[in-house]
Amino acid sequence: MNLTELNRIATAMVAPGKGILAADESSGTIKKRFDAIGVESTEENRRDYREMLFRSKDAMSQYISGVILYDETIWQDAKDGTPLVKLIEQSGAIPGIKVDEGTQALPMCPGELVTVGLDKLAERLKKYYERGARFAKWRAVIDIGGGIPSMTAISVNAHALARYAALCQAAQIVPIVEPEVLMDGDHDIERCYEVTSRVLSKTFQELRVQRVALEGMVLKPNMAISGKKCAKQAPVEEVAEKTIRLLKACVPAAVPGIAFLSGGQSDEEATAHLNAMHKLGPLPWGLTFSYGRALQAAPQKAWSGKAENVAAGQRAFSHRAQMNGLASKGEWQSSLEKKAA
Ligand code: 13P
């Protein structure tokens with residue numbers, strides 16, 4: 001393992017003004033997104049859609065540090081035969097790959113999930129590296145509800161995340177460690193804070209036990225935020241203040257960067273929250289976005305599967321990428337949104 005190189009890549013992934021495009025929706029998830037815009041989820045449509053994003057020159061070169069791909073996409077070529085990985089590299093961004101194989105029910109723990117995909121992971125990482133991937137992602141899912149999460153679910157998911165991270169570093173790939181506490185329930189921000197704190201603490205404990213080099217990884221957490229169905233929604237400043245307090249308590253300064261998931265926040269909320277956190281600096285790590293939905297909802301709608309809408313889709317993507325790029329430096333203002341509308 002060359003830790004200097006892993007650290008260089010991890011640092012580039014969270015460079016100020018830039019963040020990560022999570023375009024690694026599984027076939028099931030992208031079908032849901034395409035259903036919402038009335039587009040059939042064929043291999044060709046998925047390729048055309050993602051090619052549109054990766055060819056958005058302004059967004060990719062100025063605001064996107066890396067792209068997380070799904071297995072299908074990393075092996076796909078653009079319409080003109082150029083591998084999609086090459087398009088990403090040519091824009092100056094780093095290709096990455098989602099390597100977990102989704103979730104399964106966790107035995108003895110009703111309603112809870114464990115992420116799978118460790119079998120043969122070492123072999124798969126080698127092939128992904130040869131194809132150009134320099135970082136990877138593994139997402140654990142923790143739900144909040146009556147009596148959950150259990151310590152069992154937190155513990156087995158943290159263990160798997162650390163196993164994955166160690167295998168990545170041995171393969172000279174930067175692991176994005178993503179323990180996502182879902183925002184789907186009716187819990188308040190305090191409960192989210194408390195659960196996320198337990199999850200992050202356990203995750204870093206496992207990372208240490210399994211000898212993962214913190215200098216060569218990126219953390220992808222949820223924010224401390226009210227559940228979507230909670231009657232009392234915490235305002236932007238409270239989300240920012242609590243999230244930074246939580247991360248300072250749980251994430252060692254040796255970690256080069258933190259890149260948030262959007263998790264179902266609206267586009268503008270996700271941007272406003274990241275921006276507000278940067279007003280609370282200086283921070284010990286790079287802090288940016290690794291958004292899926294909050295970067296892609298607008299371009300998906302603008303594109304709607306029609307070749308004549310590619311330019312509009314790229315404009316919508318560039319706008320969101322720029323807004324989040326500004327937020328990653330604390331330079332975003334809501335008035336910039338209205339100007340583009
Ligand atoms: P969202 O930003 O849509 O939550 O997706 C990010 C991601 O990569 C989840 O694993």
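Along the sequence shown, residues are numbered consecutively beginning with 1. Just so you know, ligand 1 is whichever comes first in the structure, and atom 1 is the first atom listed for that ligand.
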Anything with a heavy atom under 4.0 Å from ligand 1 counts, so go ahead and list those protein residues by chain and number.
-> Ala22, Asp24, Lys137, Arg139, Glu178, Lys220, Leu261, Ser262, Gly263, Ser290, Tyr291, Gly292, Arg293
Given Arg50, which of Glu25, Glu44, Glu43 fulfils the salt bridge (charged side-chain N to carboxylate O under 4.0 Å, His left out) condition?
->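 Answer after filtering Glu25, Glu44, Glu43: Glu25.
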Taking the side chain as every heavy atom from C-beta outward, state whether Arg47 and Lys79 have any atom pair closer than 4.5 Å.
-> yes
Do Ser150 and Glu112 meet the criterion of a side-chain donor-acceptor pair at a distance under 3.5 Å?
-> yes
Assess the side chains of Glu178 and Tyr164: does a donor N or O sit below 3.5 Å from an acceptor N or O?
->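 On atom types as modelled, these side chains do not qualify, holding no pair under 3.5 Å.
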Could you tell me the separation between the CZ atom of Arg46 and the CG atom of Asp48, rounded to the nearest 0.5 Å?
-> 11.0 Å
CG-CD1 distance between Asn324 and Ile20, expressed to the nearest 0.5 angstrom =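 It comes to 12.0 Å.
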